[in-house]
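The sequence lines fix the lettering, A, B, ..., with proteins before strands; numbering per chain opens at 1.
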Protein chains: 2
Amino acid sequence: MTAKRVAHATSQGKGRPRAFDRAQALTRALTVFWRKGYAPASVADLCKAMEINPPSLYAAFGNKASLFLEALRHYEQTYWEAPSRRFMANPDVYAAVDSFFREAAQILLSPETPCGCMVVLAAINISEEEKAIIETVRELRLATKHMFSDRLRQAIQDGQIPPDTDVPALAGALNTLLEGLSIQARDGLFQSELKAIAAHAVRMLPPRPTMPAAR
Amino acid sequence: MTAKRVAHATSQGKGRPRAFDRAQALTRALTVFWRKGYAPASVADLCKAMEINPPSLYAAFGNKASLFLEALRHYEQTYWEAPSRRFMANPDVYAAVDSFFREAAQILLSPETPCGCMVVLAAINISEEEKAIIETVRELRLATKHMFSDRLRQAIQDGQIPPDTDVPALAGALNTLLEGLSIQARDGLFQSELKAIAAHAVRMLPPRPTMPAAR
DNA sequence: GTATTTTTTTAGCAGTCAGTAAAAAAACAA
DNA sequence: TTGTTTTTTTACTGACTGCTAAAAAAATAC
């Protein structure tokens with residue numbers, strides 16, 4: 001019944017067992033990439049935070065770029081999946097936008113990593129050779145815009161906003177404001193300031209039809 | 001009447017004359033920094049574009065950081081001074097915002113450098129040691145927000161928007177949208193798409209009071 | 001002309017980068 | 001025990017980074 005090392009899920013077969021928790025190491029790498037961005041996060045920085053040596057990093061994650069991409073996937077799932085689902089599920093488009101931007105402001109200034117969105121910021125000013133990373137973050141940003149578009153089309157179907165609404169432009173504007181929030185977060189705005197800005201997202205929607213005054 | 005080299009303004013005194021046009025070299029450095037960002041623009045890249053060798057660069061501009069700061073000042077003056085003045089001078093705040101964002105979209109996708117705003121993007125993900133650069137771009141971004149605030153307060157005085165308008169938040173929102181546009185520009189949006197988004201800036205202002213129907 | 005000053009080119013510095021070769025160590029299989 | 005497999009640690013690689021020493025070149029001053 002020798003316990004040995006139970007560190008993680010599958011106690012593998014032969015060979016020396018991995019001495020570190022891969023998931024924990026990935027989370028720590030995520031934090032470094034999130035705070036510093038892709039390029040300034042050196043392999044030495046990452047190794048220090050992950051408490052492993054370079055060969056272990058390369059054996060477990062391939063290279064710096066693929067470690068980043070895996071951290072990025074983890075980031076998306078951990079922080080944005082639930083808010084996105086709530087956004088799409090909220091039956092009132094005004095409330096949906098308002099809640100989503102409120103939640104976003106909270107994520108962008110989350111106490112442990114108050115440094116904006118990793119998708120928006122981490123791969124800016126990266127070497128042009130890192131095409132995989134550039135394209136991946138670009139597509140994730142595009143996906144958010146498409147999410148806005150989908151929800152706005154639903155709102156048209158629900159009769160909440162006019163059918164002649166310019167959906168691509170409005171979705172683009174919401175996406176632009178959301179991405180701009182990351183720069184505000186990095187510039188050191190307070191949570192309260194960020195939320196006051198985020199509250200303006202809903203104002204870009206067509207005005208809610210006012211009840212014709214009953215008389 | 002030997003002409004020799006008239007390259008630039010002041011034909012200096014003693015010593016071997018500079019063989020390159022300092023202003024032109026600065027402009028070329030600006031282009032490199034604008035397109036690639038501060039960190040990925042290597043001194044070798046800059047020298048190649050400026051058509052000089054490193055010692056000439058260091059003699060004329062100090063070092064990479066001060067070259068960037070000088071290029072940044074030149075960028076501000078060249079591209080943003082006039083639009084900002086027009087923005088402040090436009091007597092109608094709605095027209096002012098609309099025009100400014102339209103002009104901004106044009107600058108961010110200007111044919112020679114269609115890569116967003118240098119103030120917003122060039123110094124993101126920079127080494128934390130470059131405090132002078134980080135602080136300078138931060139303050140330039142802040143200055144734009146203050147410009148929005150000033151113009152909005154004027155609009156209140158002019159009775160164009162309600163006196164209870166949350167000026168800091170609205171100025172922050174405009175600033176956030178403006179900065180977000182840079183990321184859109186870098187993501188490859190067309191001029192038309194960028195302008196359609198920019199047109200939503202004015203929608204964040206309090207709604208223009210509708211003429212009470214004369215009856 | 002010669003001396004002085006400044007910029008030029010050439011070559012290379014020390015430091016950091018991402019990534020790896022080699023060997024020791026720790027598990028299992030027989 | 002002995003062999004096999006995989007991960008560990010240690011030390012290091014070549015390439016690139018910002019930057020500069022040294023000497024040649026081109027101007028003026030006398």
Gap between atoms CG and P, on A:Leu46 and C:dT16 respectively (whole Å): 17 Å

Going by atom types alone, do A:Ser56 and A:Asn53 pair a side-chain donor with an acceptor below 3.5 Å? no

Give a yes/no on whether any side-chain N or O of A:Lys14 is located under 4.0 angstrom from OP1 or OP2 of C:dA29. no

Using atom CG of B:Asn63 as one end and atom C1' of D:dT17 as the other, report the distance to the nearest whole Å. 14 Å

Give me the ring orientation class for B:Phe101 and B:Phe148: parallel if the planes are under 30° apart, tilted from 30 to 60°, perpendicular past 60°. parallel

Which comes earlier along DNA chain C counting from the 5' end, the contact point of A:Ser42 or that of A:Pro55, where each point is its nearest nucleotide? A:Ser42

Starting at OH of A:Tyr38 and ending at C1' of C:dA18, how long is that distance when rounded to a whole Å? 9 Å

Taken to the nearest whole Å, NZ/A:Lys64 to P/D:dC16 is 16 Å

B:Ser66 and B:Asn63: side chain donor to acceptor below 3.5 Å: yes

Tell me the interatomic distance from B:Lys36, atom NZ, to D:dG18, atom P, rounded to whole angstroms. 10 Å

Between A:Glu179 and B:Gln184, does any side-chain donor sit less than 3.5 Å from a side-chain acceptor? yes

In whole Å, I'd like the distance from the NZ atom of B:Lys48 to the C1' atom of D:dC16. 15 Å

Find the distance B:Leu67:CG to D:dT17:C1' and express it as a whole number of Å. 16 Å

Short side-chain N/O contact to D:dT20 OP1/OP2 from B:Tyr58, under 4.0 Å: no

Please work out if B:Ala65 contacts a base, only the sugar-phosphate, or nothing of the nucleic acid, heavy-atom cut-off 4.0 Å. nothing

Answer yes or no for B:Lys64 and B:Tyr38: cation-pi contact, defined as NZ/CZ to six-membered ring centre under 6.0 Å and angle to ring axis within 45°. yes

Heavy atoms from C-beta onward define the side chain here; which of C:dA24, D:dG18, D:dT10 lies closest to that of A:Arg16? C:dA24

Please give, in whole Å, the distance from C:dT7 C1' to B:Leu57 CG? 14 Å

C:dT9, D:dC19, D:dT10: which one has an atom nearest the side-chain heavy atoms of B:Ser56? C:dT9

Both A:Asp45 and B:Ala59 contact DNA chain C. Which one's nearest nucleotide lies toward the 5' end? B:Ala59

Does a nitrogen or oxygen in the side chain of B:Asn53 sit under 4.0 Å from OP1 or OP2 of C:dT9? yes

